[in-house]
Each structure stands twice: as structure tokens, then as C-alpha cells.
Novice: 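Submitted below is the structure of interest, expressed as C-alpha cells.
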Protein chains: 2
Amino acid sequence: MGAARESKNKLTDEIVGRLARQHSTAVVLFHHAVAERLGLGPTDHKCLDLLRERGALAGSDLGAITGLTSGAITGVVARLERAGYLRREPDPHDGRKQILHLALERSPIQDVIDPLRADVSALLENFDAHQLTAIAEFLAGTTDLVYRHAALLRAETISDMGRTRVTGRTASK
Amino acid sequence: MGAARESKNKLTDEIVGRLARQHSTAVVLFHHAVAERLGLGPTDHKCLDLLRERGALAGSDLGAITGLTSGAITGVVARLERAGYLRREPDPHDGRKQILHLALERSPIQDVIDPLRADVSALLENFDAHQLTAIAEFLAGTTDLVYRHAALLRAETISDMGRTRVTGRTASK
DNA sequence: AGAAACTCGCTTAGGAAGTAAGCTATATAC
DNA sequence: GTATATAGCTTACTTCCTAAGCGAGTTTCT
């Protein structure tokens with residue numbers, strides 16, 4: 001266990017301890033700015049992103065992933081539909097469900113984030129294939145982990161609320 | 001310009017086109033779940049993150065970075081102070097300003113995100129030093145870019161609002 | 001088949017938190 | 001020394017989320 005391993009540990013600590021966190025803060029900020037630019041709330045934008053990622057979902061699925069209540073989902077879908085971002089279709093196999101589809105091939109979001117994409121592409125020029133593979137695997141791996149931990153956290157929060165008998169956001173009220 | 005360059009381009013496209021975006025969506029989701037767990041709103045959590053990152057800021061700085069109005073900042077600071085996350089001190093050089101300091105060395109946020117940190121650390125075990133360097137540089141570089149583009153976007157949005165003479169969020173209303 | 005229990009999406013009432021506008025106090029420029 | 005600009009607070013209003021409850025459709029159990 002020599003200098004190489006030590007250097008690795010130092011890099012790892014730097015990544016998880018500072019870089020990843022600063023990155024997250026920036027991403028959240030950007031996400032909000034994009035939503036504002038499009039005339040959407042952050043929640044609407046988040047749901048639209050999920051829909052684009054996962055293909056077609058039912059409203060209940062969207063609620064399960066985001067942690068939103070069914071009432072909130074109704075509002076999100078109504079706003080996004082009215083603004084032309086998505087359309088609803090009844091599920092042929094289940095009369096209660098509404099399947100949500102993206103209405104636009106090329107979303108207006110693309111135009112908003114393209115300048116950033118271009119800059120990131122330029123940044124990636126500096127790396128070799130071996131490194132790019134690492135970046136791709138890092139992103140895919142952390143995305144998965146982050147999703148799982150978010151779901152876990154929400155589950156804990158909900159069960160805590162049951163234990164402490166509070167409604168709403170704050171425990172002391 | 002042979003197979004190596006082609007492979008690089010393919011990887012780059014995959015990263016900026018899909019992986020980075022999925023990663024962002026997951027991060028936003030997680031950020032919200034953490035806030036909920038702590039009994040904070042996403043905005044409060046975001047401001048707390050910024051404060052931890054940048055050291056000590058004035059309320060006006062926080063507003064400039066996040067795009068929030070001064071009224072909203074007043075609310076954020078009041079909630080975070082009441083919950084014990086920060087304290088305010090008058091600026092000795094400017095009687096109007098309030099400098100915001102973190103009140104806690106080890107924030108409760110740490111406990112909430114530590115399990116994720118541990119999993120990410122384990123993931124990083126699979127990479128060599130050369131790759132870890134790339135990941136670190138990628139994170140640092142994109143963080144910077146994302147911040148700059150967020151500020152740019154907000155500037156555009158504000159000037160657009162001036163041009164089209166609308167107040168509030170939606171243009172058609 | 002029929003009854004009970006569950007799930008989906010919508011509606012309503014209420015609350016949390018944002019914006020916009022106006023105020024006071026301090027700071028700076030002319 | 002007066003005028004202008006800035007920091008942060010307050011107020012009125014708006015938006016959007018939660019909680020609770022509904023009707024319609026589906027699944028399960030006997």
C-alpha cells in the first residue's frame with residue numbers, strides 16, 4: 001500500500017467531500033434557472049425531465065418517484081398539458097390510469113441548455129478515452145445511487161412522520 | 001483521425017446527451033428529499049449549501065446568486081436562524097449589511113448524506129488515479145460552467161421580462 | 001358471480017413560501 | 001449638504017403544495 005494508494009484516497013476524499021457537493025449545488029441552481037426561463041416551476045421542470053427520461057409514465061408513477069401527492073401531480077400535469085409539453089392518453093389496460101406522453105420531439109428545454117452542453121463538450125476534449133469511460137461510469141453509477149438514496153430518505157421521512165405524529169413540514173409547530 | 005477519436009466522440013456525446021442529464025435529475029430529486037428530511041424547504045437547503053460553500057455571505061449576495069428577491073431572502077434567513085442553522089452578525093464596515101455565518105460545525109445535513117457518500121466512495125474504488133483525476137477535473141470544470149450558465153440564464157430571463165412587459169412567472173396570462 | 005378492499009386521478013380547503021412594491025436606515029457621489 | 005443608491009424588512013397578493021375526501025375502475029377472496 002504505497003504512494004499510489006495514498007494518492008487515490010486523497011482524490012476520492014476530495015471528490016466525495018467537496019467537488020460532488022459543490023457540483024450538486026450548482027446543478028440545483030441551474031435547474032431552477034432553466035425552469036424560470038421556460039415559465040415553469042421547478043417541480044414542473046423536474047417532472048418533465050423524468051418523463052423525458054423514462055418514456056411514458058402514469059401520474060401515479062410520477063408521484064411515487066418525486067414524492068408528490070396526487071393533488072400536486074394533478075396540478076403539474078394540468079400546467080404542463082396547458083403549456084403544450086405533454087399529452088394524456090387513457091391506459092387501454094386500466095381505465096383509471098392516464099398515460100403521460102411528451103408532446104414535443106424537441107423540447108424548448110434543449111434550446112435553453114444547449115449552450116451549456118457545448119461548453120461541457122469542449123471541456124471533455126481534454127480527456128482521453130480511458131478517462132472519458134471513467135467519467136461515463138461515474139455518472140451512471142452515481143445517478144443510480146442517488147436515486148436509490150433519495151427513495152430511501154423519503155421512506156425514512158414518511159415513517160418518522162408517522163412516529164412523531166406531525167403533519168406538514170416542520171416537527172415543532 | 002481514426003478509431004480512437006471516433007470512440008472519444010461517441011463517449012462525449014453519451015455523457016453530455018444522456019448521462020449528465022439523468023444525473024442532474026437525480027441530484028435535484030435527492031436535494032429535495034434531503035431538505036424534506038431536515039424539515040426545510042428546497043430553497044432553504046440550497047441557501048444553506050451555498051453558505052457552507054462560500055463561507056460567510058451577506059443576504060444580498062445570497063439573493064444575487066440564487067435569484068431570489070430580498071423579501072424571500074428575509075424569509076429564508078429567518079427560518080434558518082430560528083432552526084439554529086445560522087447566525088447573523090452586523091457588518092462592521094457597512095451598517096446596512098448582515099453577515100451570515102453557519103452556526104454549526106457539523107451540520108445535520110452530514111448525517112443525512114453520509115450513507116450516499118460512503119456508497120460513492122466505494123464506487124470510486126474501481127478507478128485508477130488517472131481516471132480519478134479526470135473525474136475530479138470534470139466535476140470542478142462543470143461546476144464552474146453550470147454556475148456561469150445559470151447566472152447567464154437568469155440575466156436573459158429578467159431582460160426578457162422587461163421586453164415583453166409581463167410580471168410574474170408566465171408570459172401568457 | 002358478487003362483495004370487499006384497493007388504486008387512480010380529481011376536487012376542495014388551508015397553509016407555506018414566493019414575488020412585487022414600498023418603507024427606513026445607512027452609504028456614497030456630486 | 002443634498003441627492004442617489006443599496007441592504008434588509010414589511011405588507012399584500014399569488015402560486016403551488018399537502019391533506020382529506022370523492023367517484024370510478026380494478027383486483028381479490030370466497
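Note on naming: letters A, B, ... go to the chains in the order of the sequence lines (proteins, then strands), and numbering restarts at 1 for each one.
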Novice: Nearest whole angstrom, please: distance from the P of D:dG23 to the CD of A:Q98.
Specialist: 19 Å
Novice: Check for me whether A:R54 meets the cation-pi criterion with A:Y147, that is, NZ or CZ under 6.0 Å from the six-membered ring centre and within 45 degrees of the ring axis.
Specialist: yes
Novice: Write down the distance between CD1 (B:I99) and P (D:dA7), rounded to a whole number of angstrom.
Specialist: 11 Å
Novice: Tell me which one of B:L102, B:L100, B:L80 satisfies side-chain contact (heavy atoms from CB on, under 4.5 Å) with B:Y85.
Specialist: B:L80
Novice: What pairs of residues pass the side chain to side chain donor-acceptor pair (under 3.5 Å) test when at least one of them lies in residues 71-81 of chain B, not counting sequence neighbours?
Specialist: B:D44-B:R79, B:E81-B:R88
Novice: Using a strict cut-off of less than 4.0 Å between a Lys/Arg side-chain nitrogen and an Asp/Glu carboxylate oxygen, indicate whether B:R154 and B:E156 qualify as a salt bridge.
Specialist: no
Novice: Are A:R148 and B:D119 close enough for a salt bridge, meaning some N to O gap below 4.0 Å?
Specialist: no
Novice: The criterion is side chain to side chain donor-acceptor pair (under 3.5 Å); which residues satisfy it with A:E137, sequence neighbours excluded?
Specialist: none
Novice: Let me know the distance between CG of A:L57 and C1' of C:dG9, rounded to the nearest Å.
Specialist: 15 Å
Novice: Sort me out a list of protein N/O and nucleotides 2-4 of chain C N/O pairs below 3.5 Å, or just none if empty.
Specialist:
none

Novice: Measuring from atom CZ of A:F138 to atom CD1 of A:I135, what distance do you get when rounded to the nearest 0.5 angstrom?
Specialist: 9.5 Å
Novice: Distances under 3.5 Å only, N/O to N/O: pair up the protein atoms with those of nucleotides 26-30 of chain C.
Specialist:
{"from": "C:dT26", "atom 1": "O3'", "to": "B:G95", "atom 2": "N", "distance (Å)": "3.4"}
{"from": "C:dA27", "atom 1": "OP1", "to": "B:G95", "atom 2": "N", "distance (Å)": "2.6"}

Novice: Less than 4.5 Å apart, side chain to side chain, heavy atoms only: is that true for B:I113 and A:R21?
Specialist: yes
Novice: In whole Å, I'd like the distance from the CG atom of B:L100 to the C1' atom of D:dC9.
Specialist: 14 Å
Novice: Rounded to whole Å, how long is the line connecting atom CD of B:E36 with atom C1' of C:dA17?
Specialist: 15 Å
Novice: State, with a plain yes or no, whether a side-chain heavy atom of B:D49 is found less than 4.5 Å away from one of A:S24.
Specialist: no
Novice: Rounded to the nearest 0.5 Å, what's the gap from NZ on B:K97 to CG on B:L57? Could you check?
Specialist: 10.5 Å
Novice: Just to confirm, is there a sub-4.0 Å distance from OP1 or OP2 of D:dT6 to any side-chain nitrogen or oxygen of B:S60?
Specialist: no
Novice: When the distance from CG of A:L62 to P of D:dC17 is rounded to whole Å, what number comes out?
Specialist: 11 Å
Novice: Send over the distance from A:H32 NE2 to D:dT15 P, rounded to a whole Å.
Specialist: 15 Å
Novice: Report the distance from atom CZ of B:R88 to atom P of D:dG8, rounded to the nearest whole Å.
Specialist: 10 Å
Novice: In residues 67-84 of chain B, which residues come under 4.0 Å of DNA chain D by heavy atom?
Specialist: B:S70, B:G71, B:T74
Novice: Would you please name every residue forming a side chain to side chain donor-acceptor pair (under 3.5 Å) with A:R82, sequence neighbours left out?
Specialist: none
